[in-house]
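Comments concern the structure below.
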Number of protein chains: 2
Amino acid sequence: MDTDLTTVDAARMCKALGHPARIGILRQLLLEERCICGRIVEILPLAQSTVSQHLKVLKEAGLIIGEVEGPRTCYCADRQRLATLATALSALLSPCLEEQP
Amino acid sequence: MDTDLTTVDAARMCKALGHPARIGILRQLLLEERCICGRIVEILPLAQSTVSQHLKVLKEAGLIIGEVEGPRTCYCADRQRLATLATALSALLSPCLEEQP
DNA sequence: ACCCTTTATCGTAATTTAACGATAGAACAG
DNA sequence: CTGTTCTATCGTTAAATTACGATAAAGGGT
């Protein structure tokens, strides 16, 4: 299990987080543990196709996992991967938390 | 001093981090404390105008500060702001660090 | 006054992103 | 088998991003 991120991967994941809708989706996924696409559509003021696209971005960045369940797709946060990102970011930003004058 | 980020602001900052070159720039800035644009140009395989544009993105997202020093501009990481981002992200991602099965 | 260094900005082109409606396919219910 | 529900994908459009070279402006040195 690789616990280290390349700069490119870290950037890819940050980029996926770089849209308010996608942060909202991730937040909801962490809150509800499991969500189908339709549930997200209820919450965000966006069309279903747009939400589906945002979910795809998050999935391709490796931040969430989607598994097909009959006619639906059930999404959940990839906590392992998110923890990896958290580690990488805190490593990057740690100088800001310590050497504060 | 506002220590809380709106979702929009967090997304804006993540988006600014969403490019390998900009992560590299930030890393260098945290390493060297102060850098002029030309120093970054030495390190990254990018044209000066491109680097300048990336610096602008980072500055507009509030991640770095640039102050004019004669003919140069000296950039440094906005550690205060980066700490705020670190806090917001760890708040967002904390469920991934705790509830790991 | 003149040059040299440094950097921001402009203009441009190619690619990517974001949003929507429409549509198609999969799976369950009846 | 038929209809319904759910979601991914397609097609499209507008806007943003990324990269570069060229240029202009600002300031220091001689």
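So that the names make sense, note that chain A is the first sequence line, chain B the second, and so on, each numbered from 1. In this text, all values refer to a predicted model and were calculated from it rather than measured experimentally.
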Selected nucleotide, minimal atom distance to B:Pro71 side chain, candidates C:dT5, C:dA27, C:dC20 = C:dT5
Looking across every strand, which nucleic acid part, if any, lies under 4.0 Å from B:Leu46 by heavy atom: base, sugar-phosphate, or nothing?
-> sugar-phosphate
Donor-acceptor pair (no angle test) under 3.5 Å: A:Gln48 side chain, D:dA8 base = yes
Can you see which heavy atom on B:Cys76 is nearest to which on B:Glu33, and at what distance?
-> CB-O, 3.2 Å
Separation between CG (B:Leu55) and CD1 (B:Ile36), nearest 0.5 Å, reads 11.0 Å
For A:Leu55, which contact category applies under a 4.0 Å heavy-atom criterion: base, sugar-phosphate, or nothing?
-> nothing
Can you tell which of D:dT7, C:dA19, D:dT18 lies closest to the side chain of B:His19?
-> D:dT18
In whole angstroms, the gap separating P of D:dT12 from CD of A:Gln53 amounts to 15 Å
C:dA8 phosphate, OP1 or OP2, under 4.0 Å from B:Ser52 side-chain N/O | yes
Answer with base, sugar-phosphate or nothing: what part of the nucleic acid does B:Lys59 contact at a heavy-atom distance below 4.0 Å?
-> nothing
Among the nucleotides C:dA18, C:dT17, C:dT9, whichever has the atom closest to the side chain of A:Lys15 is C:dT17
Is the side chain of B:Ser52 donor-acceptor paired with the backbone N or O of B:Gln48 at a distance under 3.5 Å, no angle test?
-> no
d(CD1, B:Ile36; P, D:dA26) in whole Å | 19 Å
Phosphate contact (D:dA8 OP1 or OP2) by A:Tyr75 side-chain N/O below 4.0 Å | yes
Where the side chain of B:Arg79 meets the backbone of A:Pro95, is there a donor-acceptor pair that is under 3.5 Å apart?
-> yes
Across all chains, not counting sequence neighbours, the side chain to side chain contact (heavy atoms under 4.5 Å, CB included) partners of B:Thr6 are B:Val8, B:Asp9
Rounded interatomic separation in angstrom, taking CD from A:Glu69 and P from C:dG25 | 23 Å
Using atom CZ of B:Arg72 as one end and atom C1' of D:dG29 as the other, report the distance to the nearest whole Å.
-> 11 Å
Just call it for A:Arg22: base, sugar-phosphate, or nothing, with non-hydrogen atoms closer than 4.0 Å on any strand.
-> sugar-phosphate
Output yes when at least one side-chain N/O atom of A:Thr73 is less than 4.0 Å from OP1 or OP2 of D:dC6, else no.
-> no
Go through D:dA19, C:dA18, C:dT9 for me and flag the one nearest to the B:His54 side chain.
-> D:dA19
Mind calculating the distance between CD (A:Glu60) and P (C:dT16) to the nearest angstrom?
-> 13 Å
Distance, rounded to the nearest Å, where A:Glu42 contributes CD and D:dT7 contributes C1' = 14 Å
Between A:Ser49 and A:Val68, whichever has its closest DNA chain C nucleotide further toward 5' is A:Ser49
